[in-house]
Participant: 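Once you've had a glance at the structure underneath, I'll fire off some questions.
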There are 2 protein chains.
Amino acid sequence: MVDDAEKKLLADVGYRIRETRATQSLSLEQLARLTGISAPALSLIETGKRDPRLTTLKRIADALRVPPATLIADDSDTVEPSAPAPSGGYDLGEYQ
Amino acid sequence: MVDDAEKKLLADVGYRIRETRATQSLSLEQLARLTGISAPALSLIETGKRDPRLTTLKRIADALRVPPATLIADDSDTVEPSAPAPSGGYDLGEYQ
DNA sequence: GTCGAAATTACCGTTAAAGATAAATTTCCT
DNA sequence: AGGAAATTTATCTTTAACGGTAATTTCGAC
């Protein structure tokens, strides 16, 4: 965690988590209980100050009921163009 | 890293990394040089024995020239098939 | 069967993630 | 403004990621 692009990635991912949490009106405390991750740790992740492990991201994605990949998707490329909106899916949030 | 689903995630992601590396005919040593991550560490990640950090995944994805999200892409389901998500939510039940 | 490249495993040391707790700060509501 | 809730920040401890190195192991070619 030193690189500049890496900081941006962490900030972006954190921002997406925060937005998703906001759309569900969850507090950090509530998300902490859902994920088993402490509220201070979640705060650090959402503000891009911590480099979370893969399983940590997954626990957050699961609690927010979004595919982990959507939290990571970098602006240059979203998930497969061949796969339109997951029909079964996560309606959650009108993310452009 | 204890949960069973988490182990599967790590194994899946590792497998995708290995596959991608194989299609490019790269050795662990070569990928290690490209990423700055040691070959033993890469081996552990590819075999699902290590829980990599987000920036570690990104360095691997960058070196392999694939979007990070493709390495994570779950088989579009992390949610339990038997229990359809209650429309309003995974409510915090007693917690809220 | 031997040789050598590639990969796995096993140490060790450093660094950072994560939980817990408390304190400080910000935000929101009346 | 005042107060409560939410968030951030600070410490401290435990655990694990990561690099380095070396020792195995695996596997294909000869």
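Below, chain A is the first sequence line, B the second, and so on; all start at residue 1. Being a predicted model, the structure only gives us computed values, none of them experimental.
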Participant: In whole angstrom, give the distance that lies between atom CG of A/Leu54 and atom P of D/dA16.
Facilitator: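 After rounding, the reported distance stands at 16 Å.
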
Participant: Check the distance between C/dA16's P and A/Ile45's CD1 and give it to me in whole angstrom.
Facilitator: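 Answer to the nearest Å: 16 Å.
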
Participant: If you check every side-chain atom of B/Ser43, which of D/dA17, C/dT8, D/dA10 has the closest atom?
Facilitator: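 Of the options given, the side chain of B/Ser43 lies nearest C/dT8.
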
Participant: Whole-Å distance between D/dA17 C1' and B/Glu6 CD?
Facilitator: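 Value for this atom pair: 15 Å.
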
Participant: In this structure, which one of A/Ile17, A/Val13, A/Leu57, A/Leu44 forms a side chain to side chain contact (heavy atoms under 4.5 Å, CB included) with A/Pro52?
Facilitator: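 Testing each of A/Ile17, A/Val13, A/Leu57, A/Leu44 against A/Pro52, the sole residue satisfying side chain to side chain contact (heavy atoms under 4.5 Å, CB included) is A/Leu57.
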
Participant: Compare the minimum distances between each of D/dT9, C/dA17, C/dA7 and the side chain of A/Arg53, then state the nucleotide with the smallest one.
Facilitator: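 Nucleotide nearest to A/Arg53's side chain: C/dA17.
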
Participant: Atom CG of B/Leu42 to atom P of D/dA17: distance rounded to whole Å?
Facilitator: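 Spelled out: CG on B/Leu42 to P on D/dA17 is 14 Å.
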
Participant: Any idea which of C/dA18, C/dA7, D/dG19 is nearest the A/Ala41 side chain?
Facilitator: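 So the nucleotide nearest the side chain must be C/dA18.
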
Participant: Among C/dA17, C/dT9, D/dC18, which nucleotide has an atom closest to any side-chain atom of B/Lys49?
Facilitator: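 Per side-chain heavy atoms of B/Lys49, the pick is C/dT9.
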
Participant: Compare side-chain N and O positions of A/Arg18 against OP1 and OP2 of D/dT8 and report whether any pair is under 4.0 Å apart.
Facilitator: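 Result: yes.
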
Participant: To the side chain of A/Thr47, which of D/dA22, C/dA7, D/dT8 is closest?
Facilitator: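 Nearest to the side chain of A/Thr47 among the choices is D/dT8.
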
Participant: To the side chain of A/Ser27, which of C/dT8, D/dT7, D/dC18 is closest?
Facilitator: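 For A/Ser27, the side-chain atoms sit closest to D/dT7.
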
Participant: Of the listed nucleotides (D/dG19, C/dA17, C/dA18), which one gets closest to any side-chain atom of A/Asp51?
Facilitator: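 The closest nucleotide is C/dA17.
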
Participant: The side chain of B/Ile37 is closest to which nucleotide in this list: C/dT8, D/dG19, C/dA16?
Facilitator: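 Between C/dT8, D/dG19, C/dA16, the one nearest the side chain of B/Ile37 would be D/dG19.
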
